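Keep in mind that what you see is a predicted model, and the values were worked out from it rather than measured. Below, chains carry the letters A, B, ... as their sequence lines are ordered, and counting in each starts from 1.
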Protein chains: 2
Amino acid sequence: MARPRAAAKVSDPGQDELSRKEELIRTAVELFSEHGFKGTSIRDIARHLGISVSNMYHYFETKEDLWLAIQEYSVRWLPDRLEAVWALSADPLERFRLLLRAHLESSGTYQKESRIFMMDQDQISKKGQGKSKQIQKKVLDIYLKHLAALQQAGYLATQQTKILAFNILGVVNWYLRWYKADGPLPAERVFDEIINFILNGAINKDRPTASKPV
Amino acid sequence: MARPRAAAKVSDPGQDELSRKEELIRTAVELFSEHGFKGTSIRDIARHLGISVSNMYHYFETKEDLWLAIQEYSVRWLPDRLEAVWALSADPLERFRLLLRAHLESSGTYQKESRIFMMDQDQISKKGQGKSKQIQKKVLDIYLKHLAALQQAGYLATQQTKILAFNILGVVNWYLRWYKADGPLPAERVFDEIINFILNGAINKDRPTASKPV
DNA sequence: ATCATTATCGAACGATCGATCAAGTGAGGC
DNA sequence: GCCTCACTTGATCGATCGTTCGATAATGAT
């Protein structure tokens, strides 16, 4: 029995035009982000959608392909998006501020997806695992590039740019865990708080070789 | 066949006095921290130790009991240890510095164990899951208490102490992920870097209601 | 109306999971 | 020597895992 048009959800007779493939991905994101890859069976996914397990295999060859499809439309583009920030400004500090905001906004848009790919354990087979690590490595390199520019301009409070990068990424990535969209503060205010914390932590208060005052 | 005395590892005929129970815990920590709870089967653990699966059930009633035993000797004491810092100093800033160092040292001592219990997904049954969340909640409350004291003394750069607490915990917890003991810097130097970053990020540069100058 | 194509299902496969059981083994006390 | 008890094993259980298969129902083009 192929369904007439699309979803035809019980509670939404309107223009809910989600394809099965999209429904599968959406449900998988929900369950993967909550119980992990190994903790979510394809039977769980199928049950939540009210379809059969074999139906899923009509859209994805394996369970891992479903995982990779999620990665494909979400976090895969993060490095490119962050890389593009570099050209937006010539001032290292302002440029870095844009990087942080772009990172927070991108991660926030795909919060659950990002959380999935930050589960560090190699629950996935070699292919998916390598891809995740590769993306994280690219993001780290982008941060190191920005920090090197900041250091050269005398902005940084420390010489250990690698540790600094890890600290910053810790703040940015941790935000994916605790942030709830229904909180009291709008996302923009939260972003400002996080960015100010990071900049205060990284930037030298009294820049010795200052090239641009506040 | 009960083994003669203790481990009697092939490569270590010395005083290697690890009990089976300790061996099981040690191996479980290694595998859990690498592949997660669901990603590690009791057969994996038994195979790594060269024993039978049923042998493990002589020391632990269930797989989850093994997980809880790890929690019992490692992260379970973290809240108490951090709570004890409060009495060590009356100065909010110095006290907070001690808190950060105690947290980093405690987590670092049980790095792999701490990583296990930070895997946020509820891979575990209700009991273990609740315990982990409960510990994390306690730690958060301790930080909020310190931050409230800092705020009252005019030290803080922001009013949003909850977001600030999340940011700080992000840095501290993230360190468990990237730190390798065989790095170029000694642990103490790494701690200093992290603590300075956090303090710079949290503390107001020009305290308005200052009660204690640098 | 016909027919190829797409979408969907129930049943089943072999593998692995956590857990159980009855049976053995050896060390130490008597 | 014997008995007890802690330790260890291989075989096995039922459940669940990811995956496959053959059949069937609906769709769209002609």
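Using cut-offs of 30° and 60° on the angle between ring planes, the pair A:F37 and A:W67 is perpendicular.
Taking the ring-ring contact (aromatic ring centres under 6.0 Å, His included) definition, one finds that B:Y179 meets it with B:Y175, sequence neighbours left out. With sequence neighbours left out, the side-chain hydrogen bond (donor to acceptor under 3.5 Å, both in side chains) criterion links A:D44 to A:S41, A:R47. Not a single salt bridge (Lys or Arg N to Asp or Glu O under 4.0 Å) links B:R81 to another residue, sequence neighbours left out.
Counting to the nearest Å, the P atom of C:dA19 and the OH atom of B:Y59 are 18 Å from each other. Atom CH2 of B:W67 is separated from atom C1' of C:dA19 by 19 Å (rounded to the nearest Å). The CD1 atom of A:I51 sits 16 Å away from the C1' atom of D:dA25 (whole-angstrom rounding). For B:E23 and D:dC7, the CD to C1' distance is 13 Å, given to the nearest whole Å. Counting to the nearest Å, the C1' atom of C:dT8 and the NZ atom of A:K21 are 16 Å from each other.
A close approach under 4.0 Å does not occur between any side-chain nitrogen or oxygen of B:H58 and OP1 or OP2 of D:dT8. Neither OP1 nor OP2 of D:dC7 sits under 4.0 Å from any side-chain N or O of B:N55.
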Which atom pairs link the protein and nucleotides 17-21 of chain D when you take only N or O atoms and keep those under 3.5 Å?
unit_1 : atom_1 : unit_2 : atom_2 : d
D:dC17 : OP1    : A:S41  : OG     : 3.4
D:dG18 : OP1    : A:K63  : NZ     : 2.5
D:dG18 : OP2    : A:I42  : N      : 3.1
D:dG18 : N7     : A:R43  : NH1    : 2.7
D:dG18 : O6     : A:R43  : NH2    : 2.8
D:dT19 : OP2    : A:Y57  : OH     : 2.7
D:dT19 : OP2    : A:K63  : N      : 2.9
D:dT19 : O5'    : A:Y57  : OH     : 3.3

Which pairs of donor and acceptor atoms, one on a side chain in residues 160-174 of chain A, lie under 3.5 Å apart (sequence neighbours left out)?
unit_1 : atom_1 : unit_2 : atom_2 : d
A:N167 : ND2    : A:I163 : O      : 3.4
A:N173 : ND2    : A:L169 : O      : 3.2

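Applying the side chain to side chain donor-acceptor pair (under 3.5 Å) test to every pair with at least one member in residues 138-150 of chain B, sequence neighbours left out, gives these pairs: B:E83-B:K145, B:H103-B:Y143, B:K137-B:D141.
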